[in-house]
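Throughout, a chain's letter reflects where its sequence line sits, starting with A, and its residues are numbered from 1.
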2 protein chains.
Amino acid sequence: MRPLNPKSKKEILTVAIPLFARSGYSGASMRTIAQKVGVSAAALYHHFQDKQTLYLAAMTQVFSDKADSLEKILSGRTSPEQRLAQFITRLCELVQQDKNFSMLIQREMMDGDESRLKLLASEVYYTLFEGVTELCQELGPKHDPYLLAISIIGIVMYHFQTTAIRPYLPYSKEQHSDPKVVARHITKLVLQGLGIDYPE
Amino acid sequence: MRPLNPKSKKEILTVAIPLFARSGYSGASMRTIAQKVGVSAAALYHHFQDKQTLYLAAMTQVFSDKADSLEKILSGRTSPEQRLAQFITRLCELVQQDKNFSMLIQREMMDGDESRLKLLASEVYYTLFEGVTELCQELGPKHDPYLLAISIIGIVMYHFQTTAIRPYLPYSKEQHSDPKVVARHITKLVLQGLGIDYPE
DNA sequence: TATAATTAACTTAACGTTTGTTAAGGAAAG
DNA sequence: CTTTCCTTAACAAACGTTAAGTTAATTATA
């Protein structure tokens with residue numbers, strides 16, 4: 001009989017995303033995804049042409065609208081220092097609250113072929129990166145804005161990438177996973193690194 | 001007939017390492033590794049109990065001695081500023097010249113279960129991290145030394161993790177991949193971030 | 001010193017499993 | 001009566017792994 005709750009594309013993606021994030025493309029099988037959805041493996045092919053298509057749809061879904069709130073901050077009319085602080089804080093929150101997002105970005109940067117890297121760049125990074133680079137230029141000519149932009153984004157990403165190994169490292173404390181604490185640390189470091197006094 | 005050039009464990013590892021780095025554990029098959037070595041898949045089982053064992057041996061080989069040169073710098077008797085500058089420069093060189101190293105670290109942080117994370121921590125990170133944290137304490141109490149240590153290592157790692165996607169981002173220039181340029185940028189940023197004047 | 005026994009380093013062939021994917025069909029909603 | 005959303009069954013290919021046999025170098029024995 002026809003199922004009472006037909007599974008939509010979105011439901012499948014919702015299940016597939018964390019599986020791809022945790023196990024990678026080759027690590028997450030169609031059967032595993034199907035099972036978690038509560039459906040046969042063949043059913044997935046009713047919604048998606050093949051695994052690649054499903055994977056790409058998952059990527060696009062995770063990436064969409066993610067950069068929006070960040071771009072809004074970057075194009076705000078407050079002072080550059082405030083925009084930087086807000087940007088860092090927001091990025092920390094984002095990365096902390098949606099682990100799939102940062103894990104999938106990471107995987108794409110390692111596994112992605114040219115076409116998928118282009119997708120990642122255009123869908124997530126490009127405009128965002130442009131905004132950060134321009135903000136860096138505003139903040140002062142002390143550093144190469146490109147290198148500075150990568151540094152800022154990199155610090156944030158890395159702090160949360162290392163979450164899993166953190167417990168096995170010395171001096172580790174719980175507060176180091178708090179996005180607010182991390183955000184303040186990074187903001188302070190970067191602003192002072194730019195020769196700007198950081199209030200409080 | 002018996003092969004004229006019997007393949008040693010090390011030769012197999014030399015081939016396996018870049019394959020694991022590029023494709024991950026499940027992405028690199030025993031047959032692929034064997035083919036690249038120039039040997040049958042079954043031959044690998046003469047040298048290693050199973051795939052897990054081969055993988056772990058590859059990890060250990062890549063990680064061994066990697067942290068040594070860095071630890072030497074950290075325990076040097078020069079000024080803290082100099083040690084930081086040297087450390088950052090050396091880490092940039094290391095990560096740039098052995099891509100397998102940083103890719104495998106990255107994969108382990110994502111894929112590794114508890115036992116493998118412990119291996120990674122004890123084999124690569126622990127002593128190194130301890131050294132950087134202590135250096136950070138010496139450099140001044142302006143920041144939490146733990147967060148600062150992660151930030152420093154993170155900036156370096158991220159700069160080289162993003163190499164693949166770099167060409168598709170705005171403002172990208174070739175010099176941004178030069179470890180010397182990156183090292184100088186990071187050193188300047190961090191030292192100024194600590195309120196220390198960076199010479200030159 | 002010649003020869004027999006052992007061992008290291010493989011080979012081919014096959015195993016059972018899992019993989020992505022397809023074919024054929026069925027039930028229910030519009 | 002078509003379309004949507006699924007099912008079970010099956011496919012060939014690739015997977016990790018093992019069994020059994022082969023060759024050549026090494027070692028032990030006579």
### Task
Could you check which of dA8(C), dT17(D), dT7(D) has an atom nearest any side-chain atom of V39(A)?
dT7(D)
### Summary
From the candidates dT17(D), dA19(D), dT21(C), the one with an atom nearest any side-chain atom of A42(B) is dA19(D)
### Query
When you measure from the side chain of H47(B), which nucleotide among dT18(D), dG20(C), dC10(C) comes out closest?
dC10(C)
### Proximal nucleotide (of dT17(D), dT7(D), dC10(C)) relative to the A43(A) side chain
dT7(D)
### Contact under 4.0 Å: H46(B) side-chain N or O vs dT11(C) OP1/OP2
no
### Query
Is the number of heavy atoms from other residues, nucleotides or ligands under 6.0 Å of K36(A) NZ greater than 12?
no
### Query
How would you label the contact of A28(A) with the nucleic acid (heavy atoms, under 4.0 Å): base, sugar-phosphate, or nothing?
sugar-phosphate
### Query
Can you name the closest pair of heavy atoms from F160(B) and S177(B) and give their distance?
CE2-O, 4.1 Å
### Message
Classify S40(A) by what it touches in the nucleic acid, base, sugar-phosphate, or nothing, heavy-atom distance under 4.0 Å.
### Response
base
### Summary
Of the listed dC6(D), dG20(C), dG16(D), the closest approach to the S29(B) side chain comes from dG16(D)
### Query
Nearest to the side chain of R31(A), which nucleotide is it out of dA13(C), dC15(D), dA10(D)?
dA10(D)
### Task
Look at the aromatic rings of Y25(B) and F20(B) and report parallel, tilted or perpendicular, splitting at 30° and 60°.
parallel
### Task
Let me know the distance between CE of M30(B) and P of dC10(C), rounded to the nearest Å.
14 Å
### Message
Please verify the inter-ring angle class for H176(B) with Y146(A); under 30° counts as parallel, over 60° as perpendicular, anything in between as tilted.
### Response
parallel
### Query
How close or far is atom P of dA13(D) from atom NZ of K51(A), stated in whole angstroms?
19 Å
